[in-house]
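Throughout, a chain's letter reflects where its sequence line sits, starting with A, and its residues are numbered from 1.
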Amino acid sequence: MKLANPELSVWVSMGDGDSMAIGGNHLIHAVRRNQDLNVTIFNNEIYGLTKGQYSPTTKFGQVTKTSPFGTIDYPFNPGELVMGAQGTFFARTLDCVPQLTTECMTHAAQHDGCSVVEVLQNCVIFNDKTHAAITDRAVRDDRTIVLEHGKPMLFGKNKEKGLRFNGRLLEVVTLGQDGITIDDIMVHHEDTEDTGIHMMLAHMGGDLPVALGVIRNVKKVSYTQLYEEQMEEQMQSGKYKCMDDLLNSGDTWEV
Amino acid sequence: MSENQIINKEDLVVRFAGDSGDGMQLSGTLFSDASALTGNDIATFPDYPAEIRAPHNTIAGVSGYQVHVGNHIYSSGDKCDILVAMNPASFKSNLKWAKRGATVIVDIDTFTEEALQKAGYTDDPFTDEFERAYTIIKAPITSFTSRIGDAVGVDKKTAEKSRNMFALGIIFYATHKALDHTFAYLERKFAKKPQVVQLNKAVLTEGYEYADKLEVMHSHIVEVAKADQMAKGRYRNITGNVATAWGLLAASEKSGRRLFLGSYPITPATDIMVELAKHKSLGARVFQAEDEIAGICSAIGASYAGALACTSTSGPGLSLKSEALGLAVMTELPLVVVDVQRGGPSTGLPTKTEQSDLAQALYGRNGEAPLVVVAASSSANCFYWAYEAAKLALEHMTPVILLTDGYLGNGSQLFRIPKMDDMPAISPRLATPGDTEYRPFKRDPETFARQWALPGMEGLRHRVGGLEKAPEGNLSTDPENHALMVRNRQEKVNRVANYIPDQTVTGNPDAELLVVGWGGTAGALTLAVEELNNEGKKVAYTHFNYICPLPKNTGDLLRRYKKIVVCELNSGQFANYLRSQFPECAMTQYNKVMGLPFEVGELKEHFNSLLG
């Protein structure tokens with residue numbers, strides 16, 4: 001659609017099934033080419049429309065209709081796939097935080113190139129509370145971190161905790177403890193071209209808070225722009241201006 | 001040139017065969033181009049291996065290119081009058097394509113013990129019986145070229161690559177043709193490598209002069225008749241795949257819709273994408289997708305956005321596109337799917353031709369999913385059938401499958417260049433912005449086609465998708481609505497029959513026997529029927545290009561004949577399709593599923609047996 005009419009703002013709405021399984025190939029290639037599409041992945045870690053089978057993002061070991069003894073599939077992390085494909089934009093948000101979701105979508109729309117927004121979504125019927133461990137009001141501040149460009153990576157109810165790179169891994173530290181000051185805390189740069197830190201941030205979970213907000217947003221000429229430039233150049237300089245030119249090109253003769 | 005006796009012939013078949021690196025496709029193309037430029041009608045047929053580089057000197061690595069030149073040429077010919085065999089393997093595998101009495105030219109330097117063994121020979125291949133049956137020219141091509149290579153100052157490998165020019169030189173001598181066209185080609189092609197130009201020109205000339213010195217050649221020079229029945233006009237040589245690409249481009253220009261092609265490389269369809277990728281200046285938007293599914297889905301998206309959207313593929317690729325074809329049927333968007341058929345099933349015979357995707361094209365989708373199917377019947381008319389496929393898609397808001405095949409796609413033919421002004425108008429069914437009466441599935445009372453509203457058109461916001469919808473555009477699981485929509489989608493395709501010409505009969509229309517063909521077999525069938533009628537037999541012939549729907553008079557036409565034989569390169573898919581619609585007509589079949597086109601000889605033999 002975007003190639004046929006570059007004027008359009010094209011949005012692709014996906015779930016964890018079509019983005020990570022049946023359409024996984026298409027997603028990574030759209031990301032790799034940096035096609036100017038806005039992709040939203042509503043990740044509820046389950047196949048809901050088919051009534052509760054495990055998906056490529058279902059937590060390891062989870063019991064579902066098709067994994068009555070627990071899954072033995074290691075799940076995908078959509079953010080890591082995007083980084084792996086050298087994606088230029090990745091943001092993550094929660095279904096229960098509309099303001100953050102709006103911000104992520106707005107940044108995605110403004111980004112030239114392929115932007116992917118993962119929305120951690122609850123499935124009330126088939127996978128209720130799958131994200132509860134991070135989304136419940138009681139724990140949300142401690143289990144998630146909202147990244148902001150140019151600001152230190154702080155989280156917790158009173159922003160008393162932060163992330164530090166210890167030379168090997170990311171770790172959680174508390175301001176004021178063991179001599180930790182704000183200067184020890186990493187500052188988020190969404191525009192770092194190298195995917196290394198962004199990959200680590202997208203990967204977080206477990207002992208580390210789940211990263212939310214715009215994790216990666218780098219400038220790279222989009223497929224759409226490159227395509228239009230080539231079209232424009234050929235339209236100007238191309239040998240054939242109309243079909244009659246082409247039909248009569250090369251070796252022809254009169255009978 | 002010394003005093004020669006020149007034999008005049010109506011037509012001549014030359015087959016170039018060698019190892020896949022021997023440049024046989026190029027020799028064949030240069031010979032056919034030179035012939036076309038000097039007034040012959042032509043048809044060519046490349047027969048090459050699937051392996052890019054099979055082991056040297058093996059049968060698997062043999063590449064062939066057959067050229068048929070003469071006055072009025074329908075096909076690339078059954079068997080050849082002249083065979084060029086550059087090594088023992090090509091000699092062994094291609095001798096069966098030579099007529100008895102044919103002239104066989106070999107590079108005798110390659111007939112070493114080792115190469116003979118690799119080709120599976122245990123004894124001398126030139127038996128007394130062989131020498132009696134054929135005129136054999138044992139040319140020391142390799143030694144000649146390496147001597148010239150030394151003189152020009154190129155390495156051995158480069159010199160060896162020009163061996164094909166030596167063979168071509170002999171052929172030009174044998175067919176009484178000048179070398180200037182090929183000289184000009186070499187100068188163009190290797191403009192930046194003067195040494196290579198010098199080498200190839202010298203080798204070509206040496207081959208020509210070598211032939212002049214051969215006593216046997218002097219009684220074997222053939223002057224092939226020039227085409228005298230060709231309609232006046234400007235001509236060029238064209239392959240079916242290029243003609244298909246150009247037909248789509250022409251339809252785009254005529255309809256004013258941007259051309260979009262979303263495709264994934266697959267033999268033998270790739271050249272359509274390769275050709276269109278060159279023509280951004282004509283507005284062709286080509287997208288090389290990550291797979292067949294992405295190819296067709298990107299095309300459906302482009303169609304939704306208002307482009308003349310196409311995808312090109314071959315058999316197994318069409319299988320992968322099946323589900324998305326259903327989406328195109330359901331969304332009722334214009335879409336052209338080109339299937340350059342090859343031997344199947346599965347990966348099958350990628351470089352060989354067949355007509356075995358017909359059933360898949362007609363029925364290969366889930367649900368009741370009717371669409372339009374048309375088939376090209378010559379390399380040159382791929383242009384017009386691609387154009388017609390696009391016209392039908394745009395005017396009837398339906399996916400259209402265009403069936404060609406490896407034989408048509410890779411083969412080449414003379415093409416009378418049309419003027420764009422003379423091409424029929426194409427009127428896409430675009431909706432009018434702001435039309436308050438617009439409903440996504442409201443139908444034209446005549447064609448049953450819906451209107452094409454594009455995203456961005458004022459006031460025409462709507463959705464399309466795979467789920468069943470009511471005419472107003474909302475999702476609906478209502479049983480009556482589903483039944484209605486199924487009927488309407490079918491009726492829309494049926495009504496295409498109101499916009500296509502009647503089926504015609506050639507040959508002797510009053511005959512008892514009717515030969516029925518479709519698609520890429522027209523050349524051999526036409527010639528077989530023509531020859532039989534010339535021999536005093538009575539045979540009628542009808543050839544189908546509109547497959548679904550069939551022309552409206554098809555039933556009346558078939559019912560006129562007592563004996564019907566449906567000929568096709570599959571096990572009877574078109575015959576069964578006709579039987580399902582006209583059970584009152586008794587039909588016999590003539591089928592060939594060998595990855596090869598029909599031969600005129602086998603067809604005549606079979607028709608003769610039916611005539612009794």
So, taking the atom named [atom1] in [X] and the one named [atom2] in [Y], what distance separates them when rounded to the nearest 0.5 Å?
| X | Y | atom1 | atom2 | answer |
| --- | --- | --- | --- | --- |
| K278(B) | K280(B) | NZ | NZ | 13.0 Å |
| S303(B) | F260(B) | OG | CZ | 10.5 Å |
| K391(B) | Y384(B) | NZ | OH | 14.5 Å |

Determine whether I296(B) and L325(B) make a side-chain contact, defined as any pair of heavy atoms from C-beta on separated by less than 4.5 Å.
->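 In contact.
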
Checking [Y] against [X]: is there a side-chain donor and acceptor pair closer than 3.5 Å?
| X | Y | answer |
| --- | --- | --- |
| R257(B) | S252(B) | no |
| N25(A) | D291(B) | yes |
| Q62(A) | T71(A) | no |
| W246(B) | T244(B) | no |

Go through the steps for R216(A) and E190(A) under the test salt bridge (charged side-chain N to carboxylate O under 4.0 Å, His left out), then give the verdict.
-> CA-CA 4 Å; R216(A) 179 174 175 80; E190(A) 63 181 23; over 6 Å; no

Side chain, backbone, both or neither: which part of [X] has a heavy atom under 4.5 Å from chain B?
| X | result |
| --- | --- |
| S249(A) | both |
| K241(A) | backbone |
| L246(A) | both |
| Q230(A) | both |
| N248(A) | both |

Sort by residue number and list every member of residues 458-467 of chain B having a non-hydrogen atom under 4.5 Å from chain A.
-> none

Heavy-atom pairs under 4.5 Å with chain A are the metric here; pick the option from [options] that has the most.
| options | value |
| --- | --- |
| K419(B), H279(B), M230(B) | H279(B) |
| P455(B), C297(B), G306(B) | P455(B) |
| V286(B), D421(B), I293(B) | V286(B) |

Heavy-atom distances under 4.5 Å only: say whether [X] touches chain A with side chain, backbone, both or neither.
| X | value |
| --- | --- |
| I417(B) | side chain |
| Y304(B) | side chain |
| L308(B) | neither |
| A231(B) | backbone |
| A227(B) | neither |
| E253(B) | side chain |
| R285(B) | both |

For the residue pair H149(A) and H189(A), categorise the inter-ring angle as parallel (less than 30°), tilted (30 to 60°) or perpendicular (more than 60°).
-> perpendicular

Taking the inter-plane angle between the rings of W253(A) and Y235(B) on a 0 to 90° scale, is it parallel (under 30°), tilted (30 to 60°) or perpendicular (over 60°)?
->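 Parallel, since the angle between the ring planes stays under 30°.
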
Check the pair S222(A) / D36(A) against side-chain hydrogen bond (donor to acceptor under 3.5 Å, both in side chains), numbers first and verdict last.
-> CA-CA 6 Å; S222(A) 73; D36(A) 199 359; 4.8 Å; no

Evaluation steps, salt bridge (charged side-chain N to carboxylate O under 4.0 Å, His left out), between E7(A) and K2(A) = CA-CA 7 Å; E7(A) 304 293 304; K2(A) 189 72 182 176; over 6 Å; no

Select, from [options], the one with the greatest count of heavy-atom pairs under 4.5 Å involving chain B.
| options | value |
| --- | --- |
| R32(A), M235(A), K239(A) | M235(A) |
| I28(A), N5(A), D244(A) | D244(A) |
| E233(A), Q236(A), R33(A) | R33(A) |

Is a side-chain N or O of R236(B) found less than 3.5 angstrom from the main chain of R416(B), in a donor-acceptor match?
->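 No.
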
Do you know which two heavy atoms are closest between L27(A) and M14(A), and how far apart they sit?
->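 That would be CD1-SD, 4.2 Å.
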
